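See below for the structure under consideration.
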Amino acid sequence: MSTEPAPELLTALDAWRDLPAAQQPSWPEGSGLDAAVDTLRSMPPLVFAGECDQLTDRLASAARGEAFVLQGGDCAETFAYATADNIRDRVKTLLQMAAVLTYGASVPVVKIGRMAGQYTKPRSSDSETRGDVTLPAYRGDMVNDFEFTPDSRRPDPQRMVRGYHASAATLNLVRAFTTGGFADLRHVHAWNRGFSANAEYARYESMARDIDKAMRFMLACGADFDAMRSVEFFASHEALLLEYERALTRIDHRTGVAYDTSGHMVWIGERTRQLDGAHLDFVSHIRNPIGVKLGPTTTGDDVMAIVDKVDAERRPGRLTFITRMGAGTIREALPPIVERVQQEGVQVTWVTDPMHGNTHTSASGYKTRDFDDVVDEVRGFFEVHADLGTIPGGMHVELTGNDVTECTGGSIRIEDADLSSRYETVCDPRLNHQQSLELAFLVAEMLAQRS
């Protein structure tokens with residue numbers, strides 16, 4: 001098959017440039033945008049087309065109820081925190097959560113990191129004011145720096161190139177962890193090393209002993225464990241910065257179609273999913289599996305218009321709807337849109353994001369989320385799908401492997417007064433390691449009840 005892309009495909013991939021593009025930085029005149037984009041176009045792909053197709057197949061399985069999606073990672077990655085220890089601890093946390101879900105609910109888990117590209121963030125305002133000083137808003141390390149100074153906040157296109165290299169380094173380490181024996185289920189106890197001992201640690205250790213016992217039994221029966229030495233692990237991020245995404249789009253030599261090789265899966269946020277906007281238009285022309293965030297005001301007409309634009313071929317696994325409704329809203333807001341998709345006979349993967357609809361400012365002034373609200377939204381998500389006879393396909397959470405104090409609640413009862421002790425996020429609050437494990441145990445129970 002010819003590797004030459006069809007001219008109409010190249011035209012379609014750039015059609016977004018003539019459409020309204022929300023949440024894009026204002027690059028200063030003479031900042032070197034063209035040079036940065038040219039550099040990115042010359043770089044090797046970060047992921048490969050076949051891997052993206054593999055994830056599409058896995059997401060289709062989740063849509064049928066044959067698997068469950070666990071998507072998680074930092075709210076906003078930073079260059080400073082792209083260290084081996086931080087990456088390892090995020091991967092370990094996701095592996096532990098997946099083990100809890102798989103063992104507790106007897107269901108395969110599709111593991112997707114919210115990493116290796118999550119270096120941009122949408123903002124409610126283009127600027128930030130502190131006292132009598134107003135500067136451009138922080139839009140993620142791929143655009144500018146969090147430090148509140150004129151030089152730091154000035155958008156710099158070369159940061160996109162730095163973001164590419166940070167993503168490449170992250171993916172390289174993740175692949176080493178997940179294929180080199182680190183993720184071997186026979187080492188399930190080792191994943192706890194380095195984490196603080198606590199109630200969820202002990203609960204996980206008890207489950208790990210049960211897994212060990214089951215595996216010893218299978219080994220005595222002659223089972224082959226080679227397949228357990230490695231795990232599938234996919235990378236995803238919000239496709240917010242369109243110049244970056246377009247520069248990393250490649251034409252697959254097998255099929256002649258386009259893939260965004262910045263990540264296996266990309267998603268479009270609630271603030272950028274305008275039907276006549278640049279973001280939905282761009283992702284409609286790439287072959288990757290696509291996620292779309294849906295807030296509480298979404299209608300049935302909205303979701304079907306998105307389906308028609310992004311998944312015109314009705315390809316299983318192509319489209320994932322990530323609902324972010326809020327604990328107090330999901331039971332009323334979610335049913336009408338699920339029913340509409342069901343009535344139209346469209347297969348999508350339904351995933352809950354229980355984080356973004358439950359953000360508030362604490363009395364002490366910290367942006368936070370309460371663990372009970374997070375759990376309640378997940379519970380509401382399962383209840384809605386149980387009532388409608390549809391499939392709750394997965395969960396999308398912002399988390400870290402570090403013992404931060406950013407979300408209140410959980411079994412260790414982080415209070416408002418505790419938030420200041422280790423509040424490290426540069427954007428939204430994340431579940432810490434213990435809260436992440438606790439959530440996994442609770443969701444495993446919900447999944448087991450569904451089964």
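Predicted, not measured: the structure shown is a model, and the values here were computed from it.
For the atom pair CZ of Arg175 and CZ of Phe233, the computed distance is 11.5 Å after rounding to the nearest 0.5 Å. To the nearest 0.5 Å, atom CG of residue Leu319 and atom CD1 of residue Ile306 are 7.5 Å apart. For the atom pair CG (Asp302) and CZ (Arg340), the distance works out to 9.5 Å, reported to the nearest 0.5 Å. To the nearest 0.5 Å, atoms OG1 (Thr249) and CG (Leu9) are separated by 9.5 Å. Note that CE of Met97 and CG of Leu431 are 7.5 Å apart. Values are rounded to the nearest 0.5 Å.
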Practice item. Take Gln434 and Asp403 through the side-chain hydrogen bond (donor to acceptor under 3.5 Å, both in side chains) test and state the conclusion after the steps. Key: CA-CA 8 Å; Gln434 175 164 339; Asp403 292 320; over 6 Å; no
Review point. Is there a side chain to side chain contact (heavy atoms under 4.5 Å, CB included) between Tyr244 and Ser262 once you walk through the steps?
Key: CA-CA 8 Å; Tyr244 179 80; Ser262 68; 3.9 Å; yes
Check your understanding: Should Thr298 and Arg273 be marked as a side-chain hydrogen bond (donor to acceptor under 3.5 Å, both in side chains) after you check the CA-CA gap, both sets of side-chain angles, and the distance that decides it?
Key -> CA-CA 11 Å; Thr298 308; Arg273 63 171 178 81; 3.0 Å; yes
Exercise for review: Output, in order, the C-alpha distance, side-chain angles, deciding distance and verdict of side chain to side chain contact (heavy atoms under 4.5 Å, CB included) for Phe282 and Leu242.
Suggested key: CA-CA 8 Å; Phe282 173 74; Leu242 289 171; 4.2 Å; yes
**Study point:** side-chain hydrogen bond (donor to acceptor under 3.5 Å, both in side chains) between Asp74 and Tyr81, intermediate numbers included
**Key:** CA-CA 10 Å; Asp74 265 325; Tyr81 278 83; over 6 Å; no
Check your understanding: Could you walk me through whether Val338 and Trp350 pass the side chain to side chain contact (heavy atoms under 4.5 Å, CB included) check?
Key -> CA-CA 9 Å; Val338 175; Trp350 293 102; 3.9 Å; yes
Point to revise | Val143 vs Asp156, side chain to side chain contact (heavy atoms under 4.5 Å, CB included): CA-CA, chis, key distance, verdict | key: CA-CA 6 Å; Val143 176; Asp156 178 5; over 6 Å; no
Practice item. Apply the test salt bridge (Lys or Arg N to Asp or Glu O under 4.0 Å) to residues Glu377 and Arg369: give CA-CA distance (whole Å), side-chain angles for both, the deciding distance (0.1 Å), then the verdict. Key: CA-CA 12 Å; Glu377 178 152 0; Arg369 292 149 175 164; over 6 Å; no
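Taking 4.0 Å as the cut-off between side-chain N and carboxylate O, Asp34 and Arg41 do not count as a salt-bridged pair. Under 4.0 Å is where a charged nitrogen must lie from a carboxylate oxygen, and between Glu313 and Arg287 at least one such pair does. Glu383 has a carboxylate O that lies under 4.0 Å from a charged side-chain N of Arg331, or vice versa, which qualifies the two as a salt bridge. Taking 4.0 Å as the cut-off between side-chain N and carboxylate O, Arg379 and Asp376 do not count as a salt-bridged pair. Note on Arg154 versus Asp145: no salt bridge recorded, every NZ/NE/NH1/NH2 to OD/OE distance being 4.0 Å or above. Using a 4.0 Å cut-off between a side-chain N of Lys or Arg and a carboxylate O of Asp or Glu, Arg58 and Glu66 do not qualify as a salt bridge. Salt-bridge check for Arg114 with Glu398: passed, with a basic side-chain N closer than 4.0 Å to an acidic carboxylate O. Remark: Arg246 does not engage Glu243 in a salt bridge, criterion side-chain N to carboxylate O under 4.0 Å. Salt bridge annotation for Arg314-Glu344: absent, with no cationic side-chain nitrogen under 4.0 angstrom from a carboxylate oxygen. Of the charged side-chain nitrogens involved, none lies within less than 4.0 Å of a carboxylate oxygen, so that Arg250 and Asp260 do not count as a salt-bridged pair.
Checked against the 6.0 Å centroid criterion, the rings of Trp16 and His285 do not qualify as a close aromatic pair. In this structure, the ring of Phe79 has its center less than 6.0 angstrom from the ring center of Tyr119.
A donor-acceptor pair is defined here as one N or O able to donate and one able to accept, closer than 3.5 Å; such a pair exists between the side chain of Asp311 and the backbone of Arg315. Using a distance-only test at 3.5 Å, with no hydrogens or angles considered, no donor-acceptor pair links the side chain of Asp252 to the main chain of Tyr259. Not a single donor-acceptor pair under 3.5 Å links the side chain of Ser31 to the backbone N or O of Trp27. Judged by distance alone, the side chain of Thr400 and the main-chain N or O of Asn402 form a donor-acceptor pair under 3.5 Å. The closest donor-acceptor contact from the side chain of Thr170 to the backbone of Ala116 lies at 3.5 Å or more, if one exists at all. Of the possible donor and acceptor atoms, one in the side chain of Ser236 sits under 3.5 Å from a partner among the backbone N and O of Gly113. Under a 3.5 Å cut-off, the side chain of Asn144 and the backbone N or O of Arg153 do form a donor-acceptor pair. Of the possible polar contacts, none joining the Gln54 side chain to the Ala49 backbone as a donor-acceptor pair under 3.5 Å is found. In this structure, Glu77 contributes its side chain and Gly117 its backbone to a donor-acceptor pair below 3.5 Å.
Asp85 and Thr83 share no donor-acceptor pair across their side chains, judged by distance under 3.5 Å alone. Between the side chains of Thr56 and Asp53, no donor N or O sits under 3.5 Å from an acceptor N or O. The closest side-chain donor-acceptor pair between Glu406 and Asn432, if any, does not fall under 3.5 angstrom. Judged by distance alone, the side chains of His237 and Glu245 do bring a donor and an acceptor atom under 3.5 Å apart.
Using a 4.5 Å heavy-atom threshold, the side chains of Arg64 and Gln347 count as touching. Between Lys111 and Leu94, the closest side-chain pair of non-hydrogen atoms is not below 4.5 Å. The closest side-chain heavy-atom distance from His385 to Ile391 is not below 4.5 Å. A heavy-atom distance below 4.5 Å is found between the side chains of Leu101 and Leu447. Residues Leu437 and Val100 form a side-chain contact, since some pair of their non-hydrogen atoms from C-beta on lies under 4.5 Å apart.
Between Val110 and Ala67 the shortest heavy-atom distance is CG2-CB, 4.0 Å. Closest non-hydrogen pair, Gly380 versus Ile330, comes out as CA-CG2, 4.1 Å. The two residues Thr390 and Gln342 have their closest heavy-atom pair at CG2-NE2, 3.4 Å. Contact between Val283 and Arg318 at its shortest, heavy atoms only, is O-NH2, 2.9 Å. Of all non-hydrogen atoms in Thr272 and Glu238, the two that sit nearest each other are OG1-OE2, 4.1 Å. In this structure, Ala448 and Gly104 approach most closely via the heavy-atom pair CB-O, 3.9 Å.
Each of Arg123, His279, Lys121, Arg139 was evaluated against Gln23; a single residue qualifies, Arg139, per the side-chain hydrogen bond (donor to acceptor under 3.5 Å, both in side chains) test. Considering Ile290, Ile286, Asp281 as possible partners of Val310, the one that fulfils the side-chain contact (heavy atoms from CB on, under 4.5 Å) test is Ile290. With respect to Asp353, the side-chain contact (heavy atoms from CB on, under 4.5 Å) criterion is satisfied by exactly one of Gln71, Glu270, Met395, Lys293: Lys293.
The aromatic rings of Phe234 and His264 stand perpendicular to each other, their planes meeting at an angle above 60°, with 30° marking the opposite boundary.
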